[in-house]
Amino acid sequence: MSHPAKPAASTISGPEYWRSLDELAKTPEFQYFMEREFPGLESQTGNSVTRRSFLKLMAASLGLMGVTACRWPDEKIAPFSRAVENRIAGVPVHYASSWELAGVGRGLNVTAYEGRPVKVDGNEADPNSLGAADLITQGLILEMYDPDRSTGVVRRGRDGVAQRSSWGEFTSWWGENVLEPQRAAQGAGIAVVSEATSSPTVERLRAQFLDMFPKALWCTWEPLAASGPAEAAEAVFGQDVRTHLNLRGAKVIASFDDDFLMANPAALRLTREFADGRRIRTPEDAKEMNRLWVVEPNYSVTGSNADHRYRMRAGDVGKALAAVAHALSRNGVAVAEAALAAVPAPSGAEYDFAKTLAKDLAAHQGKALVTVGDRQPAYVHALAHAVNAALGATSAGLVAYTPRKQAGNATLKMVADAVRSGAATTLVVIGANPAYTGPVDEDFASVIERAGNSIHLGLFEDETGSRCLWHLNRAHALESWGDTRNPDGTVLLQQPVILPLYGGKTAAQFIAALMGNGEAQAQALVRETHAARFPEADAERAWRRSLHAGAIEGSADYRTVTPKADFAKVAELAAKAPAAPASGEVEVVFAQDAKLFDGRFANNGWLQELPDPMTKVTWDNAALLDSVAAERLGVKTGSMVNVEVNGRTLAMAAYVMPGIAQGTVVLNLGYGRTAAGRVGNAVGFNTYRLRTSAQPWIAAGKVTRASGSYKLALTQDHHVIDSVGFKEREKRIPQMVREQTAADHQAHPDHARHVVHATPPVNLWKPHEYTGYKWGMAIDLNACTGCNACVVACNAENNVPIVGKEQVWRGREMHWIRIDRYYRGAVENPQAVHMPLTCVHCENAPCEQVCPVAATVHDDEGINVMVYNRCIGTRYCSNNCPYKVRRFNFFSYTGDLTETEKMRQNPEVTVRMRGVMEKCTYCYQRIAKAKITAKNEGRKVRDGEIRTACQVTCPAQAIVFGDLADRESQVSKLHAQARSYETLEFLHLRQRTLFLAKVRNPHPDLAPAGHDGGHSHNTGAHHS
Amino acid sequence: MFPRWTAWIRPAIAAAGLITPVYLALFVWYAFSPQTTDVGYRPEQPVPFSHAIHAGKLGMDCRYCHSTVEKAAHSPIPPTATCMNCHAHVKTASPKLQLVRESHATGMPVEWRRVHDLPDYVYFNHSAHVTRGIGCSSCHGRIDKMEIVQQDQKLSMGWCLDCHRAPEQHIRPKDQITNMEWKLPQTEQVSLGRKLLEEYHINPSVHCSVCHR
């Protein structure tokens, strides 16, 4: 009825978007996904059901129908014997707490029902999370209730036979066999490998431990910590420093292989600052947008947000920065001579962009900075320090340094050598998993076996724990008293929201026990550390105030320093830069995984099932290859390849990644685990087995084709907008995601609405009438960075089940919200756009029109409601949904959950059964709660009172929910912006979720001529 | 060949074939309806607590024990300590109170049996009703006369909707919520109800989302 008119369609010269190379090539696999609403349905269950067994089952179920009782099962009500103050049954309690990952604290706001934590969010009072949470933090709940967590103390004999033991047995064993003998030896026989921590309590106890045992070795092992930054700081400043970024006020940001939106300790704050620096409320704001330049080997999330992105081998990124530094000095920016002299300007057309970038940086002195990724060699960091100083980034506070002290007194190699030589007989591992994450040439597994005594404290009996003679179960962050520091050094407090499920101990308790105090209480240890911070007269109240806030006020001990810089040693550093791969070789780059971090979250189903932000691979990692190399090798996504580094070979699946540097292979770490648990074992490929201590990040290697292929469960092609329109795909995708340039936005603010011309639609039905609230949402594509935290937040809030790799491969993942990643432009080096998509709650909802049993209906506030009890599973609704956001329960995904797993389900949301459809409800439970509270108080729901789970966790504040009937609400104002548009407008769906077009800010010298991202305005007279 | 009476067999089978399914359907419909299964459900409680004495004879306010009914979705069974507020002084040796005293001494709960049990996919909220003119007795009946609590109403979806569609039939002034004897003649109730609906801004939804999420 209202398809786009033919003449208008022909004027579309929009960017060509595509989701994957498969789509571009129209491979059979892609066709398969496109043609089937629920791919894989033809073999429903995997094992065929015969007619005979079907009849047997049906007869049995019919016969047993009457056996069940007529009433519900008898339920018991167990009230408290004495009521707990401020505790009301069924009303959640929120606690401020924190947790720590690789030594960086994150402030938390934990929601608990009846003593069960069910949801974590960021603590709004924590300046580094600002109420947002990253995807790993959102997965914490699942980790805590993981049934594979270690449940007690295990003592293993030399023969490998494990016995259940106890904390008390361990402490007395330690006292007799290690503590007493080692006291005299000053700990010379003890070697400790600990995870990184910034906990003041652990730091205090570590210092005490090293006082008690001055000859003991203490090593901090984090596989993702790189040595480049420290080396550069020592050379340039004479001391190790942390580099802090501050993007507020930054107009030009140049990232050299730095995925600061995902991998920086302060990524949440940086994402907010980056998004705020691009936020557009009026078209004038487009003038003030920041500009992001990214030079990188792989295609990172930060790279996908760049205005200009250049792919470059990791080993060449430093050369690119050198080119920029030299160009800057030609532009009158005084980059330190010694630094410039150390790194010659490279030649080659691929470095030409440096001139424009330098021009841009030079034009924004004091508002521009460069940042370098941790894995880059030291000289690149040193050069960045010189450039930032010259640009005035340091003096303007965009880049700040705080001194950092080395934690402990040893390296992993020193520990390994000491154990091997027999100097250290007792090996203690705290939290870390070196048997899995250690450099392959160190072979830490054998080191553990060599040690006379080995003790492991951890959440899981993992690769390390299962080899140690003692394994002690650790208390989870949500079960612990503790403390940590956020990236700016503020002390965050950690309070338990639930008693330890398995009686685990904290790291602080463990270290206290190593010093002979096995009875130490975790809370007492923490309070002792901070006793001096609280004035004695008011200590109890001050402590409680800090607990309530989640942080100790004024405790930021990281003091910014302005160290004297000396760039004389940069030449020395540059000489140590890794050599370029020889001909016939490729550059192998190791990368932190966006989901599993270093592999420690491998047993977390939410994270495993989350599609990688860029590759959209679930339940796997792969060797990411560029398309030229793939073609040369004759491999495609899913082929097996052999990756060889330093004589070690790993056969793994290949993934042809657009936009990756030519001659670079990117390997994500953290997969292929053997002792992660039932979820994480044997998922993906263990790339640590190629990682040596000499070349932990950038190595030269070879890739050859191996026989066979591998099934990768990718989600990118699953929910292709329907096949009817496939032939007109070029026109349709621009109807979904729209973008324009900053200059264009100022000239034509409503351009996004005119990308497509729909003929004026005619209503077939009488429109709904609304007298009360009209709920709606706005998603700002210009703010969304594609971090995927919203997906995990939605899983936690809405009891979204995990279905497993096989089911994802069949296209049956259950995520209510997904992030579509579209590529645009040349196959080798495309731009990317992220588009969060969830049910948009159409007024003229196609799903409602086809449901034969009225299981999906409109309510009086405009929400497209799903009624599980009415649903009979015809799946017509999903068939008719143009966005493919409806999810079907093909199996009972929640039926066999263990009792501990059941505890994490949100009691405010129905757990769905097999055979029903489900989808985004706009977090209806939160709407209902706010409405009832407001009504009980005799008022209307206030704007901002209801925030959906995805909205709360979004660090970029890209999602806004509210009442459209209120003209003054935030969401109404966003809907009123000229950038807002309706997707697939010609279908006349009238969505309640509007999107706001992405605005890119290319440098004027590099901006494409004319309009970008839409049709040309001078071709037709269509201004209405 | 066959005796004459056999001619009736075929019509008889036909008639039985018609009647039996109808009978079975009616039987199942009635036998499984909440009217049959739930109304009057009256489980024996571990402690023979009598509402007739406490709420009826002694005239205690419902909210003395069910304290969060105006604030939260659940109207809880009170903690043992609430019982002991009085029973530390009254009937201190009664064998009927043995479990209560034990619970108070040990800190372990008394395990009461649930009488009013809605399906888990129904999100009923007490506070939304009692703060807006729906009295306790409207759903729970004459609790003040019950020795052992029993289910008084069907608590089925149709029953909920009856009231959501015609709230003027049931609504009462806010200060009469706990009045067990509240009853007005039909016409008076309707005219008062209409007035109260306006006064309290009540417009109950009959959409699925109001109870199901």
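Convention: sequence-line order gives letters A, B, ...; per-chain numbering from 1.
- Taking chain A as the reference chain and counting heavy-atom pairs below 4.5 Å, the highest number among B:P79, B:P78, B:S103, B:P43 is found for B:P79.
- Options B:M84, B:H104, B:E111, B:H74 differ in how many heavy-atom pairs under 4.5 Å they form with chain A, and the most are formed by B:H104.
- Distance check: B:H212 NE2 to A:D859 CG gives 12.5 Å after rounding to the nearest 0.5 Å.
- Contact count against chain B (heavy-atom pairs under 4.5 Å) is highest for A:N869 among A:I927, A:N869, A:T933.
- Around CG of A:L499, the count of heavy atoms belonging to other residues, nucleotides or ligands within 6.0 Å does not exceed 12.
- For a heavy-atom cut-off of 4.5 Å, chain A lies close to B:T68, B:E70, B:K71, B:A72 in residues 49-73 of chain B.
- Remark: A:E75 CD to B:R113 CZ distance equals 11.5 Å, nearest 0.5 Å.
- The contact list for residues 130-146 of chain B toward chain A, using heavy atoms and a distance under 4.5 Å, reads B:T131, B:R132 by residue number.
- The minimum heavy-atom distance linking A:D74 with B:Y41 is given by the pair OD1-OH, 3.4 Å.
- To the nearest 0.5 angstrom, A:K935 atom NZ is 12.0 Å from B:H201 atom NE2.
- Among the candidates B:A128, B:C208, B:G107, B:S209, the residue making the largest number of heavy-atom pairs closer than 4.5 Å to chain A is B:S209.
- Across every non-hydrogen atom of A:Y924 and B:R213, the tightest pair is CD2-CG, 4.2 Å.
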